[in-house]
There are 2 protein chains.
Amino acid sequence: MPANKVPDIVVGRLPLYLRALSQMAGEGKEITSSQELGGQLGISSAQIRKDLSQFGEFGKQGTGYNINFLFDQLKRILKIERVWDVVLIGAGDLGSAVANYGGFLDRGFRIAAIYDNDPEKVGQPVGQFLIRSTRNLIDEIRTQQIKIAMLAVPASEAQQVSEKLVEAGIEAIMCYAPTSLFVPDNVRVEYIDPLLHLQHMTYYLPE
Amino acid sequence: MPANKVPDIVVGRLPLYLRALSQMAGEGKEITSSQELGGQLGISSAQIRKDLSQFGEFGKQGTGYNINFLFDQLKRILKIERVWDVVLIGAGDLGSAVANYGGFLDRGFRIAAIYDNDPEKVGQPVGQFLIRSTRNLIDEIRTQQIKIAMLAVPASEAQQVSEKLVEAGIEAIMCYAPTSLFVPDNVRVEYIDPLLHLQHMTYYLPE
DNA sequence: TAGATTGTTAATCGATTAACAATC
DNA sequence: TAGATTGTTAATCGATTAACAATC
C-alpha cells in the first residue's frame with residue numbers, strides 16, 4: 001500500500017494521529033475530520049489528508065473518518081496490530097522507571113526482559129521482572145528473535161552495548177543515553193534526551 | 001546576533017552540537033571541523049556551517065573550530081551559561097526517576113522542587129527533595145520566578161496542570177504525558193513520548 | 001607557500017499549503 | 001438536494017546541499 005516510498009517524516013506523524021484517535025475513541029466519539037484531528041494536534045488539515053493519502057483512502061467525503069476504522073488501519077500500517085517484544089538494557093533509575101511503566105502493552109509493546117551488567121543487581125526484582133545478567137544477552141535475544149531494544153545505560157557504555165544488540169539481531173533501538181550511536185544501515189535508532197529539549201526551549205526564554 | 005529570525009529547526013540542532021562538543025572536550029580534543037562534527041552526528045558539514053553562520057563566525061578557515069570556544073558560544077546562544085531552575089510535577093515512577101537523575105546540573109538545569117497532588121506522597125522524600133503539595137504550587141512558582149516545568153503526571157491530568165503552570169508564570173513545559181497540551185502562544189511545550197518513537201520504528205521492521 | 005576549511009551564495013530538493021473537483 | 005469534507009493537484013514555501021572564493 002505504501003504507494004512507493006513514504007517520507008520518513010510522514011511515518012513519524014502516524015503515531016501522533018494514532019494517539020489522538022485513541023483519545024477520541026476513549027471519549028466515545030465515532031467520527032472525526034482532518035480539521036478536528038489537526039486542531040487537536042496543531043497540524044493543518046491538508047497535511048493530515050495528504051499524509052493519510054500516502055497509504056490509501058480512509059475517509060468519506062462530506063463525513064470525515066470513522067475513528068475506530070482509521071485507528072485500526074494506522075495500527076496495521078505501523079505494524080502494531082500485533083504486540084512486539086522488547087528488551088530493556090539498564091536497570092538504573094531510568095531503566096526501572098521504564099520497566100514499571102504500564103503503558104507499553106496498550107500501545108503494542110511488551111517488555112520481555114531487563115538486563116544489567118552490575119552483579120549486585122542481577123537477580124533482583126524490578127517491577128515484575130528479575131534483572132538478567134548481560135553475560136548471555138546475545139544468545140537470549142537471538143533465541144527469542146527479539147528485534148527491539150530500549151537502551152537505558154550510561155552514555156559511556158551505550159556504543160559498546162549497541163554493538164552487542166546488533167550482533168544479537170536487534171533492528172530497532174530506543175536510545176535514552178545522551179550520545180549518538182553508530183550502527184549498521186539496517187538498524188534504526190531513535191533518541192530520547194530531555195536535556196536537548198530543555199536547551200532548545202531556553203533559547204526562547206526572556207533574559 | 002540572531003541575524004533576523006533563526007529557523008526553529010536550526011535552534012533545535014544547537015543542543016546536539018553542544019552535546020557532541022562536550023563529548024569531544026571530554027576526550028581532550030581542542031579543535032574540530034564541521035566535517036568531523038557532522039560525521040559524529042550524521043549531519044552534513046554544510047548544514048553545520050550554515051547553522052552556525054546564523055549566529056556569527058566561530059571558526060578559522062583552514063583550521064576549523066576551537067571546541068571550548070564554540071561550546072561556550074553555543075551555551076551563550078542557548079542561554080545556558082547560567083543555570084535555570086526547573087519544577088517537576090508528578091512524583092510517580094517517572095517523576096522520581098527524573099528527580100534522581102544527576103545529569104541536569106551539568107547541562108544547565110537545577111530541579112528546584114517536586115510536586116504531587118497525592119496526600120500520601122506529600123512530605124515524602126524523593127532523591128534530595130521532599131515532595132510538595134500542589135496546593136500552593138501557583139504561589140510558590142510565581143514567587144521564585146521559575147520559568148520551566150517538567151510534567152510527569154498522567155495524560156488525563158496534564159492539561160489541567162499545565163493551566164496552573166501557565167497561571168504561575170511558567171513559559172516552557174517539558175511534557176512527558178502522552179497527550180497534546182493547549183497553552184498560550186507565549187508558552188513553549190516540548191514532548192517526550194517513547195511510544196511514539198517505538199511505533200515509528202516498527203514501520204520499518206520486517207514481517 | 002600549499003593545503004585545508006570556513007562562511008556564503010545559488011541551485012536543488014522536499015515538505016507544506018491552498019484550492020477545488022469529486023462525492024458522500 | 002445542500003452542505004460538508006475528502007483526496008489530489010499545483011503552487012508555495014522552506015530547508016538542505018553543492019560549490020567556491022576567501023583566508024588562515
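Per chain, numbering begins at 1; letters A, B, ... match sequence-line order. Just so we're clear, the structure is a prediction, and the values are computed from it rather than from any experiment.
Atom C1' of nucleotide C:dT16 and atom CD1 of A:I43 are separated by 12 Å, given to the nearest angstrom. Between A:L70 atom CG and D:dT6 atom C1' the separation is 13 Å, expressed in whole Å. In this structure, the CG atom of A:D51 is 13 Å from the P atom of D:dT8, given to the nearest Å. Here C:dC24 presents its C1' atom at 18 Å from CZ of A:F58, a figure rounded to the nearest Å. In this structure, CD of A:Q54 is placed 11 Å from P of C:dT16, rounded to the nearest angstrom. If you measure from atom CD1 of B:I67 to atom P of C:dT6, you get 12 Å, rounded to the nearest angstrom. Rounded to whole Å, atom P of C:dA4 lies 16 Å from atom CD1 of B:I31. Taking atom CD on B:Q61 and atom C1' on C:dT5, their separation rounds to 7 Å, with Å as the unit.
In this structure, D:dG7 and C:dC20 make a Watson-Crick or G-U wobble pair, each of the two defining distances being under 3.5 angstrom. Base pairing of D:dG14: its partner is C:dC13, meeting the Watson-Crick or G-U wobble criterion (both donor-acceptor distances under 3.5 Å).
Of the candidates C:dT6, D:dC24, C:dT16, the closest approach to any side-chain atom of A:K50 belongs to C:dT16. Looking at the side chain of B:R49, the nearest of the listed nucleotides D:dA22, D:dA19, C:dT9 is D:dA19. Distances were taken from every side-chain heavy atom of B:E57 (C-beta onward) to each of C:dG7, C:dT6, C:dA22; the shortest belongs to C:dG7. Nearest to the side chain of A:S53, among D:dT8, D:dA15, C:dA15, sits D:dT8.
Note on B:Y65: a side-chain N or O is less than 4.0 Å away from OP1 or OP2 of C:dG7. Contact annotation: B:R13 side-chain N/O to D:dT16 OP1/OP2 distance is under 4.0 Å. Within the 4.0 Å cut-off from OP1 or OP2 of C:dT17, at least one side-chain nitrogen or oxygen of A:S44 is found. Phosphate proximity of C:dT16 to A:Q47: present, with a side-chain N or O under 4.0 Å from OP1 or OP2.
Heavy-atom minimum distance, A:L165 versus A:A149: CD1-CB, 3.8 Å.
At distances below 3.5 Å, not a single donor-acceptor pair connects side-chain atoms of A:E171 with backbone N or O atoms of A:N186. No side-chain donor-acceptor contact under 3.5 Å links B:Y203 to the backbone of A:D8. A distance-only check finds a donor-acceptor pair linking the side chain of B:D116 to the backbone of B:A91 [under 3.5 Å]. Formation of a donor-acceptor pair under 3.5 Å by the B:W84 side chain with backbone atoms of B:K79 is found in this model.
Along DNA chain C, the nucleotide nearest to B:Q35 and the one nearest to A:P7 differ in position, and the one closer to the 5' end is contacted by B:Q35.
If you check every strand for non-hydrogen atoms under 4.0 Å, B:S34 touches sugar and phosphate atoms only.
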